[in-house]
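Heads up: the structure comes next, in structure tokens.
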Amino acid sequence: MLASSVMDYHLYSLRMRASRKGKHVSGAERIVTGGQILPTSNNLIARAFNLSGNVPTEVHFIAEQIDPEHISYMALPNVTTWNVSSWQQGRSAAAKLLEHSGIGQSVISQAFKLLTNGPSPSGGVMRGAVLLDAITGQRLETDLSRGIRVSRMDLAPEYSERIKAQLSHFGLAHHRTLEALILAGKVVGAPGLLAELCWSDDPEYQVGYVSDGKNGYQRISMLKPVGDPMGGRVFFVNRAANSRIDTLVSYLENQVVLFNQLGTVHPPKNWIS
Ligand code: WAQ
Ligand code: MG
């Protein structure tokens, strides 16, 4: 049994990552309080061991108490869903949306190449995200196989049930969607970060997104073919606004962000062109 004071008052950051022979296979992070601490810890560890065909050789789990003074509260980004008729059309839609966020074409195609081929130097998926200089296309992560892992963000516990109910009303109840929306919400809040491109490394999950501060979280129904095990995230950085990459990375990894409100959720639209 946990002491009741721990159960009731303290917030914990819970983080799991699993690897197989040195290669990242899955990771997840939550921030919870009270009666959610044990079931959530259990759930994260279960996720590590429930990957079909990908038995982990190492699983790391950490629980860390959070100082309430260090929390920043934000609203989730607005959500748009674009239906496309093929993953190729999805990629061209994503390229258009990234151009609108101010990213040049050559840097966009470099980002697609990285996620298509596997952005890790070994050719596999990374544990974290690629940081790309939005002008030069230079990679800014110090560890190219780890990348930048965004951590310490979740729904604010007291708003969590309400926000999840609202999302399921819009047909967006999938846990991947919620987790990606939370991550993207923290990322667009980063100073000097222009946009994010993401698609999953799950071979069965084709939905991806482009996100930026102005248009929010723009889902695209297909960004890769079924069966493709590659995926990842690219964060496009405006270095003129961000001379200190270490400050940006520290925000992404360490700043505690809790979301207490959903943005506007637009009805799905068909992408024309
Ligand atoms: N920080 C940085 N990068 C991460 C993180 C993180 N916390 N978590 C995952 N990644 C990177 C890592 O390279 C993974 O290989 C890659 O992203 C994909 O992770 O319906 O499920 O968990 O709107 O497979 C997007 C669309 C789903 C959801 C994304 O990503 C929707 C997804 P996955
Ligand atoms: Mg994930």
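All values below come from the heavy atoms of this structure, side chains included, with hydrogens, waters and symmetry mates left out. Starting from 1, each residue takes its place in the sequence as its number. Indexing begins at 1, ligand by ligand and atom by atom, following the structure's order.
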Could you tell me which atoms of ligand 1, counted from 1 in the order shown, lie closer than 4.0 angstrom to a heavy atom of [X]?
{"X": "Y217", "result": "23 (O), 26 (C), 28 (C), 31 (C)"}
{"X": "I148", "result": "1 (N), 2 (C), 3 (N)"}
{"X": "V150", "result": "1 (N), 2 (C), 6 (C), 7 (N)"}
{"X": "R176", "result": "21 (O), 22 (O), 24 (O), 28 (C), 32 (C), 33 (P)"}
{"X": "E29", "result": "7 (N)"}

Would you call [X] a ligand 1 contact, heavy-atom distance under 4.0 Å?
{"X": "E179", "result": "no"}
{"X": "H24", "result": "no"}
{"X": "M126", "result": "yes"}
{"X": "C198", "result": "yes"}

Item to check | Proximity of R219 to ligand 1 by residue part, where a heavy atom lies under 4.0 Å | outcome: side chain
Item to check | For ligand 1, the portion of L183 having any non-hydrogen atom under 4.0 Å away | outcome: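 L183 to ligand 1: side-chain contact only, backbone stays beyond 4.0 Å.
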Quiz question: by atom type and distance under 3.5 Å, do the side chains of [X] and [Y] form a donor-acceptor pair?
{"X": "D143", "Y": "S145", "value": "yes"}
{"X": "R17", "Y": "S19", "value": "no"}
{"X": "Q36", "Y": "Y12", "value": "no"}

Does the N or O separation between [X] and ligand 1 drop below 3.5 Å for any pair?
{"X": "G128", "value": "yes"}
{"X": "Y209", "value": "no"}
{"X": "W199", "value": "no"}

Item to check | Option set S211, S200, S120, criterion heavy-atom distance to atom 24 (O) of ligand 1, minimum | outcome: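 The nearest heavy atom belongs to S200.
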Checklist entry - E29 and salt bridge (Lys or Arg N to Asp or Glu O under 4.0 Å): which partner among R47, R15, R149? => result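 Exactly one pass, corresponding to R149.
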[X] versus [Y], closest heavy-atom pair with distance:
{"X": "A241", "Y": "G192", "answer": "CB-CA, 4.0 Å"}
{"X": "S168", "Y": "A173", "answer": "CB-CB, 3.5 Å"}
{"X": "A28", "Y": "L44", "answer": "CB-CD2, 3.6 Å"}

Item to check | Within 45° cone and under 6.0 Å: K186 NZ/CZ vs F259 ring | outcome: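 Geometry flag: not set, cation outside 6.0 Å or 45°.
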Checklist entry - Can you find a pair of side-chain heavy atoms, one from W87 and one from V226, that are under 4.5 Å apart? => result no
Checklist entry - For the residue pair W271 and W82, does the interplanar ring angle fall in the parallel (under 30°), tilted (30 to 60°) or perpendicular (over 60°) class? => result perpendicular
